[in-house]
Amino acid sequence: MRLSRFPLATTKETPADAEVVSHRLMLRAGMIRKLGSGLYTWLPLGLRVLQKVEAIVRAEMNRAGAFEVLVPPEVPAELWQESGRWDKYGPELLRFKDRHGREFIIGPTHEEVITDLARRDVRSYKQLPLNYYQIQTKFRDEIRPRFGVMRGREFLMKDAYSFHMDEADLVREYQNMRATYTRIFNRVGVEFRAVKADSGAIGGDRSEEFHVLANSGEDLLAVSDQSNYAANIEAAETRALSTRAAASAAVERVATPTQKTCEEVAALLKVALETTVKLIVVKAREGGLIALAIRGDHVLNTVKAEKHPRVAAPLTLASDAEIQAAFGCEPGFLGPVFADGTNAVPVLADHAAATLADFVCGANLAGFHLRGANWGRDAAEPETADLRNAVAGDPSPDGQGVLKLVRGIEVGHIFQLGKLYTNALKMTVLDADGKEVTPEMGCYGIGVTRIVAAVIEQRNDDKGIVWPDAIAPFRVLICPIGTDKSEAAKATAEKLYNELHTAGIEVLLDDRGLRPGPMFADADLIGVPHRVVIGDKGLAQNQFEYKRRDAAVAQMIPATTEAVLALLRA
RNA sequence: CGGGGCGUAGCUCAGCUUGGUAGAGCGCUUGCUUCGGGAGCAAGAGGUCGCAGGUUCAAUUCCUGUCGCCCCGACCA
């Protein structure tokens with residue numbers, strides 16, 4: 001491709017609303033342009049990258065034995081009503097009516113549609129297993145789109161859905177997809193990690209996320225420093241850190257007139273935050289309230305809390321009035337120690353909070369906290385559960401090493417759904433004995449659009465993007481210097497361009513006749529992995545200047561096409 | 001959805017407080033010079049000041065409404 005004919009849309013200045021580096025660079029490099037909130041047009045340069053990622057995903061899915069389909073993005077409401085998700089999904093689901101007043105949605109995901117497809121066509125166990133996938137535009141009306149295409153409302157997604165006669169086969173395919181995803185991200189050329197995850201809105205039993213590791217990631221991951229244990233913070237298990245010591249102090253009431261948070265109380269009493277306990281009061285599943293006890297330095301994990309059988313889902317905090325009625329004081333002074341004769345609110349304690357002895361907590365009396373409180377003596381022995389977020393330094397749940405926290409960008413998610421959707425949509429097939437069986441189902445998503453942004457987050461420098469070869473918009477950029485004066489530079493560049501092109505290399509020739517400054521600035525910004533500079537200086541010694549985008553310095557190479565090709569193969 | 005902010009040239013912004021019919025830098029076009037890391041000089045093109053009302057002799061400026069966009073907020077006991 002000749003740059004003089006390519007609609008390169010690089011800019012020196014950055015549009016004001018770009019916060020993260022990938023958004024900034026995608027705008028500056030001219031990969032995308034914004035159309036509306038969370039909506040982006042892909043320009044030729046960006047689209048080439050997007051399609052490269054898409055091609056890798058498609059090739060690996062095909063290789064894994066999945067079959068590509070394409071379903072409409074618009075889905076009749078009936079299917080979503082049948083699965084129950086019409087009511088479960090909130091305003092994130094884009095709904096609309098056609099001219100006849102029929103209701104539709106734009107699919108944010110397609111479990112229903114593919115299950116519907118499969119239940120019509122699949123009648124026999126001989127047709128299973130089956131894995132359908134598609135690469136298609138999805139729409140999710142995000143509360144707050146941000147970070148460019150990283151969290152847009154419209155995005156390209158690869159979603160796959162598999163059907164199986166039994167759980168063992170589902171697990172087999174799940175592992176197959178896990179291996180496929182690993183191949184995909186390896187081929188893309190990005191550093192990633194598979195982590196245990198919460199299955200969220202899709203539902204199901206077991207799931208793992210694939211994260212590109214980047215400091216700007218929106219997700220926190222807990223990874224072991226000694227084993228391959230890795231989990232999203234939402235799903236990282238925690239357990240008791242020690243056994244509880246015997247009570248050694250008498251419980252004592254202390255005045256804390258304005259200190260409402262554990263931090264303030266700990267500072268006032270000059271005790272470690274780790275020896276304080278806070279209560280978070282939520283609605284109980286069986287009605288009424290339940291208090292969640294968390295160590296002062298820990299953070300409640302809402303996903304875990306919501307899953308607990310005694311906690312109402314969705315997690316709902318008690319109102320101040322409800323707290324006042326139940327505890328007899330305002331929030332800020334709550335604790336698990338109830339005076340005799342009062343109606344104690346049931347307490348569910350996180351393992352770490354439950355192993356504290358002589359702890360500090362609210363006195364259930366405005367302006368006072370307790371010091372030297374103990375479970376089983378002052379407070380009732382609580383039911384315990386895993387309720388908190390893991391923190392750096394926690395022992396790894398697999399018993400090997402300790403956890404550290406890293407940031408990641410979720411680019412893939414695989415689920416064992418079980419019979420969630422096949423049951424809801426009444427899909428059955430006949431087994432070998434002629435009996436109707438409800439198939440097991442798995443689903444597997446990859447955010448194709450997001451991969452592009454995530455790779456940039458991981459691979460950039462102060463000058464621009466540093467593409468891995470596999471998804472770069474072009475592999476080689478030829479920069480002839482002083483073409484208005486040097487016929488040799490111009491002709492040599494043309495020759496190299498033609499020969500690389502003939503060799504099947506995606507090559508870009510900067511024939512715009514720019515001065516070197518702007519030419520190199522564009523080259524670095526758009527991040528083409530290999531650059532060949534051709535000028536009189538080098539040609540005098542029969543040399544090209546070659547520089548990898550990710551290398552610190554350039555090197556001189558023989559001025560031949562073969563020399564360049566050899567470097568590309570390396 | 002609550003709170004805050006912003007809509008003026010292709011981009012980044014100034015002007016508005018104190019109304020008098022619009023500017024800078026970058027980019028773009030042309031010419032000359034320059035030419036190994038975002039050049040210089042000169043001449044030019046380019047704006048319904050988001051939209052709709054209102055006040056006024058006069059509105060980019062003041063008022064009201066509306067649309068769009070951005071930021072913060074669902075871990076607090």
Side-chain angles (χ1 to χ4, degrees), chain A residues 9-19 23 27-28 30 33-39 90-92 141 143-148 220 233-234 256 259-265 276-282 289 291-306 314-320 322-324 326-327 329-336 345 350 361-364 366 369 387-389 391 462-464 479-486 489 510 512-525 531 533-540 544-545 547 554 556:
Chain A
T10 54
T11 56
K12 222 191 304 191
E13 282 177 290
T14 315
D17 55 5
E19 282 200 289
H23 188 197
L27 287 167
R28 284 198 53 213
R33 287 291 180 256
K34 185 166 80 171
L35 179 63
S37 181
L39 304 174
E92 181 180 311
D141 201 351
I143 299 174
R144 222 181 116 198
R146 59 185 132 180
F147 306 149
L220 259 185
I233 192 88
E234 291 175 342
T256 52
Q259 288 74 19
K260 293 189 173 189
T261 66
C262 284
E263 286 78 4
E264 290 164 353
V265 171
T276 64
V277 169
K278 60 187 169 188
L279 285 196
I280 297 161
V281 185
V282 300
L289 302 178
L292 310 177
I294 307 288
R295 219 171 73 177
D297 59 320
H298 286 153
V299 167
L300 176 69
N301 181 309
T302 55
V303 173
K304 291 176 183 175
E306 189 170 298
L315 192 70
T316 312
L317 293 174
S319 69
D320 284 6
E322 286 169 321
I323 289 174
Q324 188 74 42
F327 288 80
C329 76
E330 60 185 295
F333 304 100
L334 306 183
V345 173
D350 176 69
C361 64
N364 293 330
H369 278 73
L387 294 173
R388 67 177 175 96
N389 278 163
V391 296
D462 57 339
K463 292 183 175 129
C479 297
I481 302 286
T483 48
D484 57 332
K485 282 194 179 147
S486 168
D510 195 342
R512 296 175 296 178
L514 295 183
R515 295 165 48 260
M519 186 158 60
F520 293 151
D522 271 350
D524 290 337
L525 180 57
R531 189 186 75 188
V533 178
I534 300 177
D536 279 343
K537 247 197 270 180
L539 286 179
F544 293 155
E545 177 193 295
K547 183 176 176 299
M556 300 309 290

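Quick note on labels: first sequence line is chain A, next is B, and so on, each numbered from 1.
- Rounded to whole Å, the separation between the P atoms of C63(B) and U18(B) comes to 10 Å.
- Look at D522(A) and R512(A) and you find a salt bridge, because one of the NZ, NE, NH1 or NH2 atoms lies within 4.0 Å of a carboxylate O, short of that distance.
- Using Watson-Crick or G-U wobble geometry with both donor-acceptor distances under 3.5 Å, A39(B) finds its partner in U33(B).
- For C70(B), one of the phosphate oxygens OP1 or OP2 lies less than 4.0 angstrom from a side-chain nitrogen or oxygen of S37(A).
- Nucleic acid contact for E330(A): none, since no nucleic acid atom lies under 4.0 Å from a heavy atom of the residue.
- In this structure, R515(A) places its CZ atom 15 Å from P of U33(B), rounding to the nearest Å.
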Tabulated below should be each protein N or O lying under 3.5 Å from an N or O of nucleotides 22-29 of chain B; please produce it.
| from | atom 1 | to | atom 2 | distance (Å) |
| --- | --- | --- | --- | --- |
| G25(B) | N2 | E13(A) | OE1 | 3.1 |
| G25(B) | N2 | E13(A) | OE2 | 3.4 |

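- For A59(B), there is no paired nucleotide, since no Watson-Crick or G-U wobble pair has both relevant distances below 3.5 Å.
- Toward the 5' end of RNA chain B, the nearer of the two residues I534(A) and N301(A), judged by each one's closest nucleotide, is I534(A).
- Note on R512(A): nothing from the nucleic acid sits closer than 4.0 angstrom, heavy atoms only.
- T302(A) comes within 4.0 angstrom of no nucleic acid atom, judged by non-hydrogen atoms across all strands.
- C1(B) and G73(B) make up a base pair, with Watson-Crick or G-U wobble contacts both under 3.5 Å.
- Within 4.0 Å (heavy atoms only), I323(A) reaches at least one base atom of the nucleic acid.
- If you find the closest nucleotide of RNA chain B to R531(A) and to N389(A), the one lying nearer the 5' end belongs to R531(A).
- Side-chain atoms of R33(A) come within 3.5 Å of backbone atoms of L27(A) as a donor-acceptor pair (strictly under, hydrogens ignored).
- For R28(A) against G38(B), a side-chain N or O and a base N or O form a donor-acceptor pair under 3.5 Å.
- Here P331(A) lies in heavy-atom contact (under 4.0 Å) with a base.
- Side-chain atoms of E264(A) come within 3.5 Å of backbone atoms of K260(A) as a donor-acceptor pair (strictly under, hydrogens ignored).
- Among the heavy atoms of the strands lying under 4.0 Å from G332(A) are primed sugar atoms or P, OP1, OP2 only; no base atom is included.
- At the heavy-atom level, I294(A) lies nowhere under 4.0 Å from the strands shown.
- Side-chain atoms of K463(A) never come within 3.5 Å of backbone atoms of A523(A) as a donor-acceptor pair (strictly under, hydrogens ignored).
- For C6(B), the paired base is G68(B) (Watson-Crick or G-U wobble, both distances below 3.5 Å).
- Across all strands shown, C16(B) forms no Watson-Crick or G-U wobble pair with both key distances under 3.5 Å.
- No donor-acceptor pair under 3.5 Å is formed between the side chain of D350(A) and the backbone N or O of L300(A).
- Nucleotides U48(B) and U60(B), compared at atom P, are 12 Å apart to the nearest Å.
- For K278(A) (side chain) and T261(A) (main-chain N/O), no donor-acceptor pair under 3.5 Å exists by modelled atom type.
- The side chain to side chain contact (heavy atoms under 4.5 Å, CB included) test with L387(A) singles out one residue from T302(A), I294(A), N301(A), and that residue is I294(A).
- Computed from coordinates, the L35(A) CG to C69(B) P distance equals 10 Å when rounded to whole Å.
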For nucleotides 40-42 of chain B, print each protein N/O atom paired with a nucleotide N/O atom at under 3.5 Å, atom names and distance only.
none

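- The pairing partner recorded for G44(B) is C28(B), the criterion being a Watson-Crick or G-U wobble arrangement whose two distances lie under 3.5 angstrom.
- We find that CD of Q324(A) is positioned 17 Å from P of A77(B), with the value rounded to whole Å.
- Distance noted for atom C1' between U66(B) and U30(B): 44 Å (whole Å).
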